[in-house]
Structures are given as structure tokens and as C-alpha cells.
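Heads up, the thing below is written out as C-alpha cells.
Labels below follow one simple rule: chain letters A, B, ... track the order of the sequence lines, proteins then strands, and each chain is numbered from 1.
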Amino acid sequence: MRWRARVWVTLRAGVLDPQGAATRSALVSLGFTGVQTVRAGKFLELELVAASREEADRQVADMCRRLLANPVTEDFRYELEGCQEG
Amino acid sequence: MRWRARVWVTLRAGVLDPQGAATRSALVSLGFTGVQTVRAGKFLELELVAASREEADRQVADMCRRLLANPVTEDFRYELEGCQEG
Amino acid sequence: MRFGVVVFPGSNCERDCFHLVDQVLGRPVRYVWHQDTALERVDCVILPGGFSYGDYLRPGAIARFSPVMGAVAEHAGAGGLVLGICNGFQILLEAGLLPGAMLRNRSLQFQCQDVFLRVEDVETAFTRLCRPGQVLKVPIKHGDGNYHVDPEDLAARGRVVFRYSEADGRVTPEANPNGSMANIAGLANLEGNVVGLMPHPEVSAEEVLGGTDGRVLLESAVRYWEERGPC
Amino acid sequence: MLEDRPWEAVGLTEEEYRRCRELLGREPNHLELGLVGLMWSEHCSYKTSKVHLAKLPNEGPGVLQGPGENAGVIDLGDGLALAFKIESHNHPSAIEPLQGAATGVGGILRDIITMGAHPIAILDSLRFGLLEAPRNRYLFAGVVAGIGWYGNCFGCPTVGGEVYCEPVYDGNPLVNAMCLGLVRTAGIIRGRAEGPGNPVLLAGAPTGRDGIHGASLLASREFDEKAEERRPSVQVGDPFLGKLLLEACLEARDTGLLVGVNDLGAAGLTSACSETASRAGTGIELELDEVPRREPGMTPYEVMLSESQERMLIIARQGGEEVIARIFRRWGLEAKIIGRVTADGMIRVREGGRMVAEVPAAALTREAPVYHRPERAAERPVLDLGALPDLAPSQAGAWLARLMGSANLASREWVYRQYDHLVGVNTALRPGSDAAVLRFKDRPGGVAAAVDGNGRHCWLAPRLGGALAVAEAARNLTVSGARPVALTNCLNFGNPERPEIMWEFREVIEGMAEACRALGTPVTGGNVSFYNETLGQNIYPTPVVGMVGLLDDIAHVTRQGFQSAGDRIILLGRTRDDLGGGEYLKLAHGLVAGPPPGLDLEAEVRVQALCLEAIRAGMVRSAHDCSDGGLAVALAEMAVAGGEGARGLDVDLAAAGGSRLDTLLFGETPSRIVLAVAPAAAEGLLALARRHGVAAVELGVVTDGRVVLRQGGRTLVDEATADLEAAWKGALPCLMAG
Ligand SMILES: Nc1ncnc2c1ncn2[C@@H]1O[C@H](COP(=O)(O)OP(=O)(O)O)[C@@H](O)[C@H]1O
Ligand SMILES: [Mg+2]
């Protein structure tokens, strides 16, 4: 079975976000003065083959913990959906 | 009114994604051999003040077009929700 | 004492480190391939700077899974010497051999410039020839050197070795080039045999390149090894 | 199958289409027409520039490889040689600055690698519109980030460059990158498909749909609103793969199994195959099914034209292919046989067992059309100096500060701080002085490099401007302690179908040629970028000269910064009333008018010879040439760059020449060099100058803390060096912050 996983990797609360801060000030100077905060993160889309939803789920969680996010500074979250054979 | 926007910025189809390719081969060599493709993108969370939903929506679309996404290589998508005054 | 310089795909300071050991220090050195699973005949292993795996995802995130990193951890555990420079430091952090993680520079730009480092700890294998509080001029060249750590984790697992400072040794916000927590530029593990730092000692080891302050790190290592002998 | 006017779709004229039919002896099919269209584009064929480029001197005692290969090569002696080349990536950078600039750097690095050389340095020459406009800031920031990203990650230091901002580059930025590499003379490889029967390998990244038609559609046409729609053709760089490709190529080179190597740049496989075959007088037969692809469903047309980055074409010795493939595999790359060299001079392309194209290699290259395009001299504004009020003495200090903080003169630290200029541990003179110097690890000397080109000068007087660019590049090397040896050039011009642009082009080349002859610096290669025109606005004619020079002894490296207080400051060369084309004229009077300062090539040669001899004799502590901003700016820069305790000066300019205050302080008369020498050496230096027939006057001494310029008894400027430094260093960051 083929699965599509969407993974969000975001900075943990309390970790300074230089990219978010710079983006916010760029937006404000473009005239978007209502922007209060910006937090920047990563968004990854994966396609994988796994025997079952449980198996896919287990694998994606594992990938996030081991590689995709750094636990010192980042949190992760993901969604999984089955996709048609292409 | 305060709004929270979630913005996804992804590479346009056909645009080479060296980061995604490197991540995929790292995952495969970690033993996640079922991973077929990885596409890497950005995820931004914004908080902004705007008078109405329409106004907030207009502004976020504008921010994406002007700064957050590079129209040459990237597509964007966003979601908007009202949030409690904090 | 024998040195090894690890070559990861995308390393780009491996030749510079090799040159430092071989030509400047005149010590035996060889390259270690990222797929090697043992560090045979190496007393001090250097993880060089560069962009291993393109720094894709996060600097060091992919390299730390290289087969050689298992050998590096073992080597470190057995008291062998490990020096991580820039990307090598980032790999040590990702591998958990040193505490903390790197964020993008505060400026969001790559920065290449001379900085001053105050030596905070002269008990490590790589700083024992330094005077306490000595100031070294060594260049940085990185985009992700903004060090972040949970202070408790740092206290439990590491020692601060270098801080960005003014030329006279004062640690000021202005002297901090990248936003690092507490101006931290380099760390050691509790035992002091594993050291990582963002600045590049190999670029400040010859007069013709603008200074020789960086040499002391490797000279310290040599002295340390000669005094202690292999563990 | 062909439509009514098939040539239009591939950018050919009807006449060119007829020529193509003649060369083939039949109607070309769709794919063949595509190949021809691409290879006959201005970018690939040089059809307009060829006749004029031939006028540049390209021979000299040290030249091992002149124009026509992927890079020029000069001999360094004792079995070592230096490969170097410059290239433009203007149009891609206008569309996507980060990727455009990054892939430009990747391309020039591969050009050096193909010669069998190990890249040791990059320089970049940049032009943008005024930074007050957000779009230009976006382009500038993106280009610098892109150059940094590629060069830093690849691990080749970016050690020098130049940046100018002028309204004519609005919408049409220039991004030129130069690369230098070292190669064992015996190991030089050329882009030649020698030896029928030898396998042809495609190495590196798989082929995707990137940049299809980049060469013909982007680089060979002017810009209009439709450029936006051509967006999907941007190429994306992968410096990580580029670095792996370097390592694999170097290792493969050392096996001795490489017969020829060519990178895949503009026009991809088509160009690489036809050029390597044509240089060797052979042919190549391609099995397109063997080309590793990134995307399914690519047509032969797309595969042949793709400009996917990080690929190399390798012609290997028969039987060596497996060894080479193994080396590439070790570096995580594929090197796959996609064809063979043949004897009959044909490029044949087969797919699915079918022959899909069959064109003589020569028809795609040597036999491309050549044009003598019409030209017409243009009138350019001329300055009436007599009618211009002179600078009031009380304003001199303020104008010096103003010039130091102007976008074109201010410190470039904001740029080069984003570049790793140290990797490789060879950088003996870092960016910020007149040239960069790299030491050799295995011998006492080093190599210096600088890029120069003043578009405003060239617009006002193209022939003079061309000569001035060459002279300034040489002067920048000389003051850094190097002997100028050879150069590469990137000729950035407007639309050559306009007679005025053709006139500029020919004049610039002839001016450069004269200066090259006088200075003894042959041209070993270069690049032409035409069609730098946006909505009818052509850029200034902008030749960029990338020159290399040699130091016998690295101890001769000389910086512009002062070293110790008390050193004597000596001006070499005479100051004339030259205000035309200068930065002060533009800022103070809003005038871009000529002529630019005249150049006496003999005087230039003499002053450089003197400077070099003095440096080699150990007489010189600091040296800096006078260029943009004139004498006052040059002096102030020497103070700002000064070492501790030597950050100031006190000079009297009465003897410097110039009958007006503005020309004395800010006039840009060339062939002038400021030296600082130890007090004991001053007399000797003046005597040496007399022997060389060079005007030399002692102006004053190095001090600390203040820049003091006097004229006779009168103080013109008395400014704190720190204030001038703040204006100079703060300008770019401040402009870029918006
Ligand atoms: N784009 C750039 N990249 C790297 N270095 C640069 C760039 N632009 C300028 N520099 C460096 O800044 C210094 C001053 O440049 P410039 O004023 O053009 O010198 P000059 O007038 O002597 O030709 C030089 O060392 C030059 O190499
Ligand atoms: Mg100069």
C-alpha cells in the first residue's frame, strides 16, 4: 500500500526563531503592520510504501524522532493518508 | 480582531528539490526503504490583527505573493482562523 | 600521536585540516571515509567543516548516521580525542556527543569573518596549553552557528570552552556574531576529550593566512596525548 | 509535419533556416531543428561577436590554452598550471536571483573542473539598478545569497569581486562569476571527443526538465513582460552534488582514463556533444534511452536540450569505463555510458532503436552563421568643465564623507562577509584590498586575481572604457604585489541588432586589445552576453575583465591599509583635470558626461613597472591605486584599512596636480598609485621613480585617527577616520535594510 505523510516540524516554544523574527519584520516593513508574530517551520511531504496503516504510522513517527526533527529545538506532528496506486 | 494563519509553501511541480532528495536517501539508508519521494517545503504560523476575516484573508494572500513564497519556484496555501485574545 | 580526518560527502575543510596536521604540525595523519566502521590507528579524530549532505534538513542531521559515527562515539567513550570544527561540531551535537543544537545565525546570513574567542576552560585536551582567559583570533564561516541549549542539559553533559568576546576578552553582546546563547562558541564533554567549536583553527594556523592562534588547539592535543598516553 | 514558419519557434531567421537545410541537404525534422536553433543561438554560436573577438591578442609565452576550450590555462612553471575563466548568468538571475546566481557559480566551477583542475577561488562581478528600489534590493540580496550558497557549500572560496549600481541595470542585473583552478600541466584535460570507439559517459545528476531553452530563449533575447511566463525554465542548483562531482572527477582524472571532459551548461547534451566532437573532428552517437532521467515521459527534444545542473560529459578510454563508473559510485553518483565516439563527424541520436536526429557536428558549431552586423557611432554627452562651479574648500570634508558612503564606493563587506573567502587555506590577501592573493602550498609564490569594468566609462567612450578596464585590473594586481599575466573577459552588452550597440561592442574590444598589447596580458578566453535590454532600455556596455597575476614570493603581498605611523605617503603619476564619467560628477552635479579620463598606456606600463619593482625591493609598506572617487577617496580608504596606530594621515596635495579642487580630490585620472613607505625608503623610492620616468611626489605622512588633507597652507579636510569608516561601512547594510 502507498501512503502519503505530511510532516510539520516546528520550533519548540521558548526557542528563539531568527527566521520567524526576520520574516515578521520584513512583513511589517512591507506595510503589514498587523502582523504580531511569525514562527517558521518545515513542512515535508513523503510518499511511502507500507503494508498497513499501523506500519506506515509507526515508520513515520520513527523517521520524525530519528531524523526529521531535532528534539532539542523542534517538535513534530504528522498526518497520514492512503493514496491511490499511481 | 486577532487571527492565526497557517501558511504552507511548497515547491512547484517539476522544480528540482535537492533537499527532499537528500532527505529521502538518508531515510532509505536508515532502513526506511519504503520511502518513495520526499518534497521539502516551509510552514509558517502567523498571528495578525485585522478588522475582519476578509481583511485578514486579503492580507495573508498578499504576504504570500509578495514575500513568503517565491512565485518562480513555489506554490502556497493557507488557512485562517480567528483566535481568542490572549 | 596519529590523527584522522573524517571525509563525509559534502565535507569541504578536510584537506585544510589534513594540511594543518601534516604540513603545519608535522604529525602523521590520514583520511577516514564516512563509511568506515572503525578508527584504526587514530588517536585524535577530526570532524572537519563543510556542508555534509549539503546541510539539507539540518546541518549534521544526516551525517551523524554515517557508519563512522558509531566508531567516533566508541573512540570518544574510550577516552580517544575528538575535535569537531564547524560542521563537525554540528554533527557532534546532532549525534548527542555534545549537548545542545544549532539554529540559523541571527542575521540569517552566512558569516565569514575573524572573531575573538575567550578560552573558558583550560582543562580540556584541546586547550591545556592555553592560559585561562586567553583570547584567540580565529575566523568563523557558517550560517548555522546560533547555539541553543537547555542550561540543565549543558550543566549535566558539557563544559563551555570558548566564548565569543572582544579583543580584550570582554564577553559582550556586540562580540556575539550569530546570537549564540551566552556567547558560546565551543564546548567539551565532561571528560574534556571531545571538543566542538564553530570557528576554524585550521584557517588561523599560519602567518601567511593572517595569524597562528588556532594552532594551540592541536598542539594542546599533542601534549595531552604525550602526557597521558593512550587510554 | 512542420508548420508554416518553423524557424520562429526555435529563434532562427528564415535565412538561417535555409542555411540549415543546405547544410543537412534536406528538411530538418523537429528535433534537428531544435538542436540547430539552440546551437545557432547567439549564446552558443557567438555568431555576432566572433569576428570582433578575433581581434583580442591571445598568445603569450605562458599561455598553454587560449580561447576555444572550457577555460584558458597559463603555465606556472615546474609542472603546474592555472586554469581560469569568467562567465555570465545575467538573465537567469533576473528571473530567480538565488538560483540564477548559484547555477552561474556551479557552471563556472565545472568549466574549471573539466580542464582537470581543482578550483581554488571564485570572484564575482555584479551590477544592479539603484538600491532604493525594493526589487533591486531583492535581486542583490538573492544573488549574493545564491553565490554564497553554492560557493560556500561547494568549498571554493569567493575572494573578490565588484559591485556597481546604476539605473541602466534596472530589471537587467549582471551576474558574472570567475573561477581559478590549479592543474598539473601533464594532467590538463580538454573538451575533446578523441578516439573513435571510445565510450561517452554522462556523469552526475539525472536529467530533468530544467532550463529547457534557457540558452536560446533567455540569453539570446531581450527582456519583456513575457519573461515572467518563461519561468518554469529555471535551473536549480545542488552544490552538494556539485562537490561530489568535483571529487569524483579529480579521482577519475588521476586514473589517466579520461580522454575528454565537458560540462553540461547552456544547451545541455546538445552543446556538450557537438562541441567535443567538433573540436576533435569526430562524431558522437547517442543512445538516448541510456540517459538517466529524473522525470518520466521526457521527449528526446527535452533530454537533448535539458539544462539540468551538476552533470558532466566524459569521454573515456575504451575499457576504462568500469573503473570510472566505480569511482563515481563511491561518491554516490552515476556515470553511465550513453554513446560512443565515431569517426564520421556526425551527431546521431537514437531512441527506442530509432534514429531521431542526424546532424554534422560542424553544422552545429563551426558552420553556424557568422554576422558582420551593422554599426553606427553614437553621440554621448560631453562635459563642459569650464562651466562647472568648482568645489568650495569648506565642503571638501563633507563631500569626502558623502562619497565614502555612496553605493558605488562604500565597503563591500556586507557582500563578502556572506562568502566563505577562506576555505582552502590559501587566502593570503582577503577581500577588501585591491586584489585577492592566494598562496601556493608547494612553492614560495602565489596568484592574484581581480575583476574590473566600469560601464559608465564604456558608455561614454567605449574604446577608452575598454582600455581603462584592462589597465585598472592590471593596476589592482600590481599594487597587491603581483605581475599581471593574462585575462579572461565577460562582455555584457545590449541588443546587437541595434547598430549603436554593435559600435560599442567593437570599440570596447579594440580598446581592450590595445591595452592588452601594451600591458603584455593576453586574453585566454571569455564569454559574451548580449541582449541585456529590458523594455527598450539597454545596459551600459559592460566589459568585465578578470585578470590573474603572479607573485614569485608570497612576502610581496601588499595591502592598501597603512601599517605604521610615520610612514611616508608618495603619489605616483600625475593628476589631471579629469572629472568626466566620475562618481563625484554624478553625485554632486547629477551628470553622467564624458569623456572619461584619458589613458596613456605607456605611462600606465611605467607606473606599474615601478610599483612592482619597489614592492619586490621591499620598499613598500602599503599600496593602493586611485580609481573610483579619486585621490581623496583612495587616501581615506588606506586610513580606514590601516592597522592599529596607523589609521590616519596628514598630507599636502599642493604638488599632486590638478588645477581645480574637485579634480584634485575626486578626479579619477588613471595610472596613479599611492604608496606608503618607511621613512628611510622614501628617498630611494623617489630616485627609483625618476629612473623609471614616473612622476612621484611625497604628499605627507601616516598618522593615527584623522584624515587630514591640505593644500598649501589651507586645510581642506580634517575628519575623524572613525567617522569616515562609519559612513563607508554603514552604507550598504543601511541601503539593504531598506
Ligand atoms: N561582489 C563582491 N564579491 C566579493 N568581493 C567583493 C565584491 N565586490 C567588491 N569586493 C571586494 O571589495 C574590495 C573593493 O572593491 P572595489 O572597490 O571594486 O576595488 P577596486 O576599486 O580596487 O577595483 C575588493 O577587495 C573586492 O574584491
Ligand atoms: Mg583598486
Item to check | Part of D238(D) within contact of chain C (heavy atom distance under 4.5 Å) | outcome: both
Checklist entry - More than 12 non-hydrogen atoms from neighbouring residues, nucleotides or ligands closer than 6.0 Å to CZ on R616(D), yes or no? => result yes
Next on the checklist: Heavy-atom cut-off 4.5 Å, strictly under: side chain, backbone, both or neither for E413(D) against chain C?
Outcome noted: neither
Next on the checklist: I'd like to know if the side chain of N105(C) pairs up with that of N146(C) as donor and acceptor (distance under 3.5 Å, no hydrogens or angles considered).
Outcome noted: no
Checklist entry - Does E334(D) come within less than 4.0 Å of R329(D), counting only side-chain N to carboxylate O? => result no
Item to check | Atom pair CZ/CG of R559(D) and D434(D) - distance to nearest 0.5 Å | outcome: 12.0 Å
Checklist entry - For the candidates K243(D), R430(D), Q418(D), which exhibits the highest count of non-hydrogen atom pairs separated by less than 4.5 Å from chain C? => result Q418(D)
Checklist entry - Taking the side chain as C-beta and beyond, is there a heavy-atom pair between L93(C) and L187(C) under 4.5 Å? => result yes
Checklist entry - Given that the side chain runs from C-beta out, which part of R330(D) has a heavy atom under 4.5 Å from chain C: side chain, backbone, both or neither? => result both
Checklist entry - Are E251(D) and R253(D) close enough for a salt bridge, meaning some N to O gap below 4.0 Å? => result no
Item to check | Region of Y53(C) that comes under 4.5 Å of a non-hydrogen atom in chain D | outcome: both
Item to check | Max heavy-atom pair count under 4.5 Å with chain C, selected residue of P239(D), A141(D), G424(D) | outcome: G424(D)
Checklist entry - So which part of S11(C) gets closer than 4.5 Å to some heavy atom of chain D, the side chain, the backbone, both or neither? => result backbone
Next on the checklist: Could you check whether R439(D) pairs with E207(C) (Lys NZ or Arg NE/NH1/NH2 to Asp/Glu carboxylate O, under 4.0 Å)?
Outcome noted: no
Item to check | For chain D, the option from I140(C), V203(C), D55(C) that forms the most heavy-atom pairs under 4.5 Å | outcome: V203(C)
Checklist entry - Side chain, backbone, both or neither: which part of Q35(C) has an atom under 4.5 Å from a heavy atom of chain D? => result neither
Checklist entry - Parallel, tilted or perpendicular: which fits the ring planes of F89(C) and Y147(C), with parallel below 30° and perpendicular above 60°? => result parallel
Checklist outcome for this item: Looking only at L246(D), N152(D), L422(D), V423(D), the option with the highest number of non-hydrogen pairs under 4.5 Å against chain C is N152(D)
Item to check | Heavy-atom proximity to chain D below 4.5 Å, by part of V24(C) | outcome: neither
